[in-house]
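Here is the structure we will look at.
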2 protein chains.
Amino acid sequence: METLPDKTVERLSQYRRSLNNQLAKGKEHIFSHEIANLLHITSVQVRRDIMLIGYSGTLRKGYDIKELVHLIGVILDTDDGQKIAVIGMGNIGKGFIHYLYEKRSKLKIVAAFDINPEKIDKTYADVYCYHLDKLEEIIKKENIKIGIITTPPQVAPEIADKLANAGIKGILNYTPKPLSVPEDVYLEEYDMITSLEKVAYFVKEE
Amino acid sequence: METLPDKTVERLSQYRRSLNNQLAKGKEHIFSHEIANLLHITSVQVRRDIMLIGYSGTLRKGYDIKELVHLIGVILDTDDGQKIAVIGMGNIGKGFIHYLYEKRSKLKIVAAFDINPEKIDKTYADVYCYHLDKLEEIIKKENIKIGIITTPPQVAPEIADKLANAGIKGILNYTPKPLSVPEDVYLEEYDMITSLEKVAYFVKEE
DNA sequence: TTCCCATTGTTAAAATAATAACAATAATTT
DNA sequence: AAATTATTGTTATTATTTTAACAATGGGAA
Ligand SMILES: NC(=O)c1ccc[n+]([C@@H]2O[C@H](COP(=O)([O-])OP(=O)(O)OC[C@H]3O[C@@H](n4cnc5c(N)ncnc54)[C@H](O)[C@@H]3O)[C@@H](O)[C@H]2O)c1
Ligand SMILES: NC(=O)c1ccc[n+]([C@@H]2O[C@H](COP(=O)([O-])OP(=O)(O)OC[C@H]3O[C@@H](n4cnc5c(N)ncnc54)[C@H](O)[C@@H]3O)[C@@H](O)[C@H]2O)c1
């Protein structure tokens, strides 16, 4: 399949979560406008996204939730599940690990790294925390493909370099420091302060 | 000023942070392409954003950093600084408070709320944590206008209702539960798993 | 049966955002 | 002093994303 629009990919992830909730409640079919209500978007957008991934519902009955969840899985997940490392076991890093723990996601955090002796050689929700020096070794051995950076911002560029060298193919950067990565590494950055200042701006404009 | 594009607002916040870094390094003027490099975007975009906020640099000398930072402040900040409350003092809530602590931002977290007795009636980086029951009272008394929700997802809708009732005008929702709010409340939602699945998708597509 | 109507799937249009193009101009070089 | 260069500011173009429009269809009602 040719690559899907950025925003559609984001929504698919959200559809899946909501759909799984509905499945858990015993619902088997769902209409586009129902999905739309759950996510507070429009039903047109839902239908369009579903069209783009090549699924068809049945008229008057809507979409088969199980089938749709499965298809989203085919699109978003890899066959073997992608392995993830977290670098920086502070508030955010730990939060992430605990959050993913017990989620039945195909995405698995398999290693954590830090430099603080109090944090390393311990296990957090089944994830072992290594010293940063072991980064390359473990990433290669485990064939980890994605890294989440939750260190202090100053060291983020250095961590990004190390990750790229070790063969990581995707980085999620939670520090407010913008990073440069080689062309073949996909980079997603998120800055909480930006979100907050955005809210503040639009509140002010009312 | 007519409202700026969404994305421009996000970038202004980022410009300001980078510009302050440069100021701290003793730099007084900066070119559009320098700002662009810091943020890994194009210089055209920088110039366009700066045009939109009505600032002019001087040819060959670039932008006066201090002036630009000041103007971004005029746009993003309110006169008195906006007050913020955090609901849910877990990993993310605490992280946020510590992060904003000692930042010289006009945005001030002035109260936290939780229901866990171990968390309440304590102070975290100068922010006092109240029992959730006090929410409406404190928000009204302190004239808090923005709420950050970092509770478990199940209770998020209930918290959002309480916030809206108490007169909050902007909500930043970090739980994966989509919320509904009254028309006059600005809502920004962010879901870490969505970011992660997005990275995973684009890594897979390579 | 025949007609309505809810709902999908798809194409078309509009809105938003990013990029390119380029004119203007002030500093620097020749 | 003329030409060159670096840089801004702005308009035009292109790309992406969202929204609207509507034809198709099959279930249920009359
Ligand atoms: N931490 C992450 O990396 C991560 C990732 C994805 C999503 N999330 C989401 O972010 C949210 C917060 O995550 P976290 O790791 O900080 O969770 P956490 O469990 O550490 O913290 C939640 C806090 O909310 C409090 N709380 C519970 N019910 C409450 C109520 N009714 N009113 C007020 N406070 C209440 C709890 O006492 C606790 O202090 C969760 O919704 C989680 O799903 C977190
Ligand atoms: N927590 C928030 O709400 C929030 C908000 C905005 C931005 N941020 C950013 O997110 C990032 C993480 O925030 P946090 O609150 O989890 O920070 P934190 O200070 O709690 O955790 C940082 C962790 O990184 C480790 N570390 C330091 N240097 C390291 C290195 N070279 N290699 C590996 N690990 C190293 C530290 O030992 C610590 O465990 C920071 O960049 C922060 O600026 C956080």
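Letters A, B, ... are given to chains in the order of the sequence lines, protein chains preceding strands, and every chain is numbered from 1. All of these numbers come straight from a predicted model, not from anything done at the bench.
- Taking the nucleotide of DNA chain D with the nearest heavy atom to each of B/S32 and A/T8, the more 5' of the two is matched to B/S32.
- Here C/dA27 presents its P atom at 12 Å from NE2 of B/H29, a figure rounded to the nearest Å.
- Contact annotation: B/R11 side-chain N/O to C/dA18 OP1/OP2 distance is under 4.0 Å.
- Put simply, CG on B/D64 is 17 Å from P on D/dT7, counting in whole angstrom units.
- Here the P atom of nucleotide D/dT8 and the NE2 atom of B/H33 are 7 Å apart, to the nearest Å.
- In this model, the phosphate group of D/dA12 is not approached by any side-chain N or O of B/R48 to a distance below 4.0 Å at OP1 or OP2.
- For B/Y63, taking side-chain heavy atoms from C-beta onward, the closest of the listed nucleotides C/dT7, D/dG9, D/dT19 is D/dG9.
- Between the OH atom of A/Y55 and the P atom of C/dT8 there is a distance of 11 Å, given to the nearest Å.
- Ring geometry for A/Y190 against B/Y174 counts as perpendicular: the plane angle is over 60°, on a 0 to 90° scale with 30° as the lower cut.
- Position along DNA chain D of the nearest nucleotide to A/D6 versus A/R47 favours A/D6 as the more 5'-ward residue.
- Note on A/T42: every side-chain N or O is 4.0 Å or more away from OP1 and OP2 of D/dT18.
- Look at B/T58 and you won't find any side-chain N or O under 4.0 angstrom from OP1 or OP2 of C/dA26.
- Considering B/R11, B/R16, B/K106 in turn, B/R16 is the only one that fulfils the salt bridge (charged side-chain N to carboxylate O under 4.0 Å, His left out) rule with A/E197.
- Across all non-hydrogen atoms, the minimal contact from B/L107 to A/A200 is CD2-CB, 3.6 Å.
- At a threshold of 4.0 Å, the pair A/D6-B/K198 counts as salt-bridged, since one of the basic side-chain nitrogens sits closer than that to a carboxylate oxygen.
- Rounding to whole angstrom units, CD1 of residue B/I41 and P of C/dA17 are separated by 14 Å.
- Rounded to an integer number of Å, the gap from B/K61 NZ to D/dG9 P is 14 Å.
- Between the CG atom of B/L4 and the P atom of C/dA17 there is a distance of 11 Å, rounded to whole Å.
- Checking A/R60 against A/M51, the closest nucleotide of DNA chain C that is more toward the 5' end is the one next to A/R60.
- In this structure, A/Q45 atom CD and D/dA21 atom C1' are separated by 16 Å, rounded to whole Å.
- Contacts of A/S43 with the nucleic acid, taken as non-hydrogen atoms under 4.0 Å apart, are absent.
- B/A85 and B/F113 get closest at one heavy-atom pair: CB-CE1, 3.9 Å.
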